[in-house]
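In what follows, a structure is listed as structure tokens, so that the remarks can point back to it.
When reading the values below, keep in mind they use all heavy atoms of this one structure, side chains included, and skip hydrogens, waters and symmetry mates. Letters A, B, ... mirror the listed sequences (proteins, then strands); counts begin at 1.
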There are 2 protein chains.
Amino acid sequence: MKLMTIGHLARRAEVGIETVRFYERQGLLELPARKDSGYRQYDESVVARLRFIKRAKELGFSLKEIKELLALRVDPSTTCAEVRSRAKAKIADVEEKIQALQRIKNALVQLTAVCRGRGPTSECPILDALDQESEP
Amino acid sequence: MKLMTIGHLARRAEVGIETVRFYERQGLLELPARKDSGYRQYDESVVARLRFIKRAKELGFSLKEIKELLALRVDPSTTCAEVRSRAKAKIADVEEKIQALQRIKNALVQLTAVCRGRGPTSECPILDALDQESEP
DNA sequence: ATACGCTCCGTACCATACTACAGAGTCAAG
DNA sequence: CTTGACTCTGTAGTATGGTACGGAGCGTAT
């Protein structure tokens with residue numbers, strides 16, 4: 001198992017070194033192994049973890065929520081039923097976001113279709129389009 | 001056209017009064033009409049605008065991006081072609097988000113399916129599930 | 001063996017997006 | 001015509017999520 005330094009990890013995951021240490025303090029990354037010198041040592045899997053954190057952030061999840069997503073697992077203090085019920089709640093959450101985005105996307109599509117260069121449009125076309133979305 | 005005070009507006013859109021004034025300063029809401037007393041007067045449409053801002057924020061858009069979405073319209077300084085090309089860029093953006101959420105959702109679904117109460121699971125099942133997503 | 005880059009820790013600072021006053025004026029019910 | 005709730009402006013404070021030092025030690029290529 002090849003290990004890497006914090007600098008390599010940060011470059012591979014496209015985040016800053018300080019961000020890695022920040023996430024460690026926030027409990028989003030486990031405490032890594034250390035060399036005798038005190039240098040942190042990371043394995044491959046942490047790259048995926050960091051990329052996940054990055055993507056989830058862009059999707060509007062807070063670090064606290066991301067931590068919860070990463071913690072969805074069975075362990076001595078968490079039963080399978082608990083994990084399942086938490087995961088189901090997250091799924092509902094994610095589905096809501098998908099639907100909201102879908103509505104925004106449809107509104108944008110409609111906006112490009114309606115726009116035909118015949119002069120100024122309404123105050124705020126995207127809201128008009130969303131309106132029609134909800135009451136077709 | 002019935003007008004409402006900032007307090008009514010805030011309650012209807014489920015945001016704080018201070019938030020309304022903050023959005024006004026940030027240019028997300030137009031300067032409202034005022035009574036002689038200086039009280040702001042809002043019409044119905046601002047409720048929808050605020051709700052849109054609220055939802056978009058939960059989807060990971062910054063106020064700056066939300067402002068851009070609301071500004072997608074033809075006016076004396078913006079041609080239809082410009083609006084269309086900006087809208088297209090936003091659509092691509094939104095589609096990416098939808099896909100990323102879909103992957104997370106699939107990973108969560110898989111996680112609930114795999115979890116069968118046979119003791120501790122891996123370090124981080126959601127990342128395992130996302131892995132399988134990308135290379136089935 | 002030394003120079004250059006990397007890493008360590010701690011603390012301080014930053015941007016974004018609110019949230020909470022203070023002190024004064026407004027409105028509307030009784 | 002007063003009382004209690006609401007609104008005004010301006011400024012200050014908070015939470016989140018980083019980002020940037022400073023001064024020290026580590027690592028390795030020449």
**OP:** Output the distance between atom CZ (F52(A)) and atom CG (L69(A)), rounded to the nearest 0.5 Å.
**Re:** 5.0 Å
**OP:** Please confirm whether the backbone N or O of L70(B) pairs with a side-chain atom of R49(B), one donor and one acceptor, at under 3.5 Å?
**Re:** no
Original post:
Donor-acceptor pair, E65(A) side chain versus S62(A) backbone, under 3.5 Å?
Top reply: yes
What pairs of nitrogen or oxygen atoms, one from the protein and one from nucleotides 4-6 of chain D, lie under 3.5 Å apart?
from	atom 1	to	atom 2	distance (Å)
dC6(D)	O2	Y39(B)	OH	2.9

Subject >> Test salt bridge (charged side-chain N to carboxylate O under 4.0 Å, His left out) applied to K97(B) - qualifying residues, sequence neighbours left out >> reply: none
Original post:
Using a cut-off of 4.0 Å on non-hydrogen atoms, how would the nucleic acid contact of G38(A) be classed: base, sugar-phosphate, or nothing?
Top reply: sugar-phosphate
Subject >> Side chain proximity check, T5(B) to Q41(B), heavy atoms < 4.5 angstrom >> reply: no
Subject >> 5'-most by nearest nucleotide on DNA chain D - Q41(B) or K35(A) >> reply: Q41(B)
**OP:** Using only side-chain N and O atoms of S37(B), determine if any of them is under 4.0 Å from OP1 or OP2 of dC8(D).
**Re:** no
**OP:** Any chance you could lay out the side-chain contact (heavy atoms from CB on, under 4.5 Å) test for V94(B) and I98(B), step after step, and finish with the verdict?
**Re:** CA-CA 6 Å; V94(B) 170; I98(B) 290 173; 4.0 Å; yes
Subject >> Candidates R51(A), K2(A), R12(A) - the one meeting salt bridge (Lys or Arg N to Asp or Glu O under 4.0 Å) with E44(A) >> reply: R12(A)
Original post:
For DNA chain C, which nucleotides open and close the run of contacts to chain B, 5' to 3', at under 4.0 angstrom from a non-hydrogen atom?
Top reply: dA17(C) to dC27(C)
**OP:** Return the value, rounded to whole Å, for the distance between atom CG of L9(B) and atom P of dT7(D).
**Re:** 10 Å
Original post:
Using 4.0 Å as the upper bound for N to carboxylate O, is an ion pair formed by K64(B) and E68(B)?
Top reply: yes
**OP:** Grab the CG-C1' distance between L28(A) and dG18(D) for me, whole Å please.
**Re:** 13 Å
I'd like a table of donor-acceptor pairs (distance under 3.5 Å, sequence neighbours excluded) in which one partner is a side-chain atom from residues 100-111 of chain B, with atom names and distances.
from	atom 1	to	atom 2	distance (Å)
K105(B)	NZ	E95(A)	OE2	3.0
Q110(B)	NE2	Q132(B)	OE1	2.3

**OP:** State whether the side chain of K54(B) and the backbone N or O of E14(B) hold a donor-acceptor pair below 3.5 Å, judged by distance alone.
**Re:** yes
Could you list all N or O pairs between the protein and nucleotides 11-17 of chain D that sit under 3.5 Å apart?
from	atom 1	to	atom 2	distance (Å)
dG17(D)	OP1	L63(A)	N	3.0

Please list every donor-acceptor pair under 3.5 Å in which a side-chain atom of residues 17-40 of chain A meets a protein atom from a residue at least two apart or in another chain.
from	atom 1	to	atom 2	distance (Å)
E24(A)	OE1	R40(A)	NE	2.8
R34(A)	NH1	G38(A)	O	2.7
S37(A)	OG	Y39(A)	N	3.4

Original post:
What is the distance from NZ of K54(A) to P of dG18(D), rounded to the nearest Å?
Top reply: 11 Å
